Asker: 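Take this structure, written in structure tokens, and hold onto it; I'll ask about it next.
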Amino acid sequence: MPDITIQKAAAQDVPEIMKLLEFVNMHYIPSEEMPELDYRYYFVARDGDRIVGTSGYKILSKTTGKTQLMVVHPDYRRLGIGLRLQAERLRAMAEQGAQRVVTNADRPETIRWYKKHFGYKKVGTLPKVHEFGDPNIYEWTTLEMDLTQWLAQQNETERR
Ligand SMILES: CC(C)(COP(=O)(O)OP(=O)(O)OC[C@H]1O[C@@H](n2cnc3c(N)ncnc32)[C@H](O)[C@@H]1OP(=O)(O)O)[C@@H](O)C(=O)NCCC(=O)NCCS
């Protein structure tokens, strides 16, 4: 089991993050689907010097956050790294006042993962503007979660 640390991304991490995004066809940046990757809103999972996962977010309004891009290197999946990367960005959004979080996802297994582990509910769909992510899926499923509730559950679990 590798010793993985989750940290805030640095400017010099961007090229390695872009390489990681290529695994899941999410590297079209800048594009209409993803105009920019601002490293200040990204986290990285490191195995030693190697970046093996990343997750990002954006603050949309005083109370709403949006996740942006998440990938774990295929060799490092199902080790709990995705859960840690997601929890880290949720906490960051909560610290900035977000009470609800919106996420667009395409792969059915990822949508199931978000629902199962973070209490997301489907609120709609959105056609992709161009190829991004799974090339065989042409729309995003828009999911929403209650960040205040998630945080309360986390704090309760930590207290026990
Ligand atoms: C979604 C993703 C980031 C999850 O990362 P991960 O590190 O593999 O996930 P974790 O190991 O933290 O997940 C732990 C749990 O989710 C389950 N899980 C993880 N990936 C899964 C998958 N692809 N299908 C079904 N279940 C999955 C694990 O079995 C585990 O479940 P358990 O706690 O009930 O045992 C990763 O699969 C990925 O990079 N997917 C492709 C890109 C993508 O869809 N990104 C999201 C963009 S919105």
Side-chain angles (χ1 to χ4, degrees), residues 1-9 13-14 16-39 41-48 50-60 64-93 98 100-147 150 153-154 156-158 160:
M1 179 73 181
D3 188 12
I4 305 293
T5 51
I6 310 285
Q7 295 171 341
K8 287 186 86 166
D13 295 333
V14 173
E16 214 179 328
I17 291 175
M18 290 298 289
K19 268 192 230 153
L20 204 55
L21 291 169
E22 261 189 74
F23 279 108
V24 284
N25 202 34
M26 290 182 171
H27 57 295
Y28 306 108
I29 306 168
S31 70
E32 273 192 72
E33 283 289 348
M34 191 54 60
E36 60 171 352
L37 192 161
D38 186 339
Y39 72 89
Y41 301 96
Y42 278 75
F43 293 96
V44 288
R46 289 184 201 276
D47 181 8
R50 187 177 178 203
I51 294 176
V52 298
T54 190
S55 69
Y57 69 94
K58 194 175 176 173
I59 298 297
L60 294 182
T64 308
K66 186 173 189 280
T67 63
Q68 278 198 323
L69 303 175
M70 173 158 65
V71 60
V72 171
H73 187 286
D75 293 348
Y76 285 80
R77 294 215 181 135
R78 292 176 181 270
L79 297 173
I81 298 170
L83 290 176
R84 288 173 64 190
L85 283 166
Q86 168 76 355
E88 205 63 38
R89 66 181 175 182
L90 290 180
R91 277 188 219 107
M93 285 186 270
R100 58 193 270 272
V101 172
V102 178
T103 293
N104 282 330
D106 58 357
R107 292 171 171 81
E109 67 273 18
T110 306
I111 293 165
R112 278 197 294 275
W113 183 86
Y114 278 123
K115 286 180 174 172
K116 175 180 171 190
H117 293 284
F118 298 95
Y120 277 96
K121 304 257 186 304
K122 178 179 172 175
V123 292
T125 56
L126 192 68
K128 288 184 186 174
V129 183
H130 53 77
E131 183 179 312
F132 200 93
D134 190 325
N136 299 312
I137 303 177
Y138 301 98
E139 64 177 21
W140 297 110
T141 295
T142 304
L143 304 163
E144 212 177 281
M145 57 115 40
D146 184 333
L147 186 52
W150 179 80
Q153 279 165 2
Q154 289 293 110
E156 185 58 34
T157 312
E158 273 165 30
R160 277 190 206 139

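Order of appearance sets the numbers: ligands from 1, and atoms from 1 within every ligand. The shown structure was predicted, so the numbers you read here are calculated from the model rather than taken from an experiment.
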Asker: Is there a heavy atom in Lys116 that sits closer than 4.0 Å to ligand 1?
Answerer: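 A heavy atom of Lys116 does come that close to ligand 1.
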Asker: Can you sort out which atoms of ligand 1 are near Met26, meaning under 4.0 Å from one of its heavy atoms?
Answerer: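 Atoms satisfying the 4.0 Å criterion: 47 (C).
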Asker: For Asp134 and ligand 1, answer yes if some heavy atom of the residue is under 4.0 Å from a ligand atom, otherwise no.
Answerer: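 For ligand 1, residue contact (heavy atoms, under 4.0 Å) with Asp134 is absent.
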Asker: Mind checking whether Asp106 has an N or O less than 3.5 Å away from an N or O of ligand 1?
Answerer: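 For ligand 1, there is no N or O atom that lies under 3.5 Å from one belonging to Asp106.
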Asker: In terms of atom number and element, which parts of ligand 1 are under 4.0 angstrom from non-hydrogen atoms of Val71?
Answerer: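 Listed by number with element, the hits are 39 (O).
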Asker: Quick one: does ligand 1 sit under 4.0 Å from the side chain of Val72, the backbone, both or neither, non-hydrogen atoms only?
Answerer: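 Both backbone and side chain of Val72 come within 4.0 Å of ligand 1.
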Asker: Polar-atom distance check: Met70 versus ligand 1, any N or O pair below 3.5 Å?
Answerer: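 N/O-N/O distance below 3.5 Å exists for this pair.
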Asker: According to the interplanar angle, ranging from 0 to 90°, do the rings of Phe118 and Trp150 count as parallel (below 30°), tilted (30 to 60°) or perpendicular (above 60°)?
Answerer: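 Tilted.
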Asker: Do protein heavy atoms approach atom 35 (O) of ligand 1 to less than 4.0 Å?
Answerer: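 Within 4.0 Å of atom 35 (O) of ligand 1, no protein heavy atoms are found.
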Asker: Begin with the C-alpha distance, continue with both residues' side-chain angles, and end with the deciding distance and a verdict on side chain to side chain donor-acceptor pair (under 3.5 Å) for Trp113 and Gln86.
Answerer: CA-CA 11 Å; Trp113 183 86; Gln86 168 76 355; over 6 Å; no
Asker: For Leu79, take its heavy atoms, then give the atoms of ligand 1 lying under 4.0 Å from any of them.
Answerer: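 Numbered from 1, ligand 1 contributes 11 (O).
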Asker: Please determine, by modelled atom types, if Asp47 and Tyr76 share a side-chain donor-acceptor pair under 3.5 angstrom.
Answerer: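 Judged by distance alone, the side chains do pair up.
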Asker: How close do Asp106 and Ile111 get, heavy atom to heavy atom, and via which atoms?
Answerer: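 Of all heavy-atom pairs spanning Asp106 and Ile111, the closest is O-CD1, 3.7 Å.
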Asker: Heavy atom of Arg84 under 4.0 Å from ligand 1?
Answerer: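 Arg84 does not count as a contact of ligand 1 under the 4.0 Å cut-off.
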Asker: Does any N or O in the side chain of Arg84 come within less than 3.5 Å of the main-chain N or O of Ile4, such that one atom is a donor and the other an acceptor?
Answerer: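 Yes.
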Asker: Does atom CG (Asp75) have a neighbourhood of more than 12 heavy atoms from anything else shown, all under 6.0 Å?
Answerer: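 Result for CG/Asp75: enclosed.
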Asker: Considering only heavy atoms, which of Thr110, Thr103, Leu143 lies nearest to atom 1 (C) of ligand 1?
Answerer: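 Looking at heavy atoms only, Thr110 sits closest to atom 1 (C) of ligand 1.
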Asker: Return the minimal non-hydrogen interatomic distance between Lys8 and Val44, and the atom names on each side.
Answerer: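 Of all heavy-atom pairs spanning Lys8 and Val44, the closest is O-CG2, 4.3 Å.
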Asker: Out of Thr54, Leu83, Thr67, Leu20, who gets a non-hydrogen atom closest to atom 14 (C) of ligand 1?
Answerer: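 Looking at heavy atoms only, Leu83 sits closest to atom 14 (C) of ligand 1.
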Asker: Quick one about Thr64 and Arg100 (side-chain donor to acceptor, distance below 3.5 Å, no hydrogens or angles considered), yes or no?
Answerer: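 The answer is yes; a qualifying pair exists.
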Asker: Does Gln86 have a heavy atom less than 4.0 Å from any atom of ligand 1?
Answerer: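 Checking ligand 1 against Gln86, which is what was asked, there is no heavy-atom contact under 4.0 Å.
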Asker: Does ligand 1 have any atom sitting under 4.0 Å from a heavy atom of Phe23?
Answerer: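 Outside the 4.0 Å threshold, so no.
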Asker: Does Arg78, backbone or side chain, put an N or O under 3.5 Å from an N or O of ligand 1?
Answerer: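 Indeed, backbone or side chain, Arg78 has an N or O that close.
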Asker: Is any N or O atom of Asn104, backbone or side chain, closer than 3.5 Å to an N or O atom of ligand 1?
Answerer: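 By distance alone, the answer is no.
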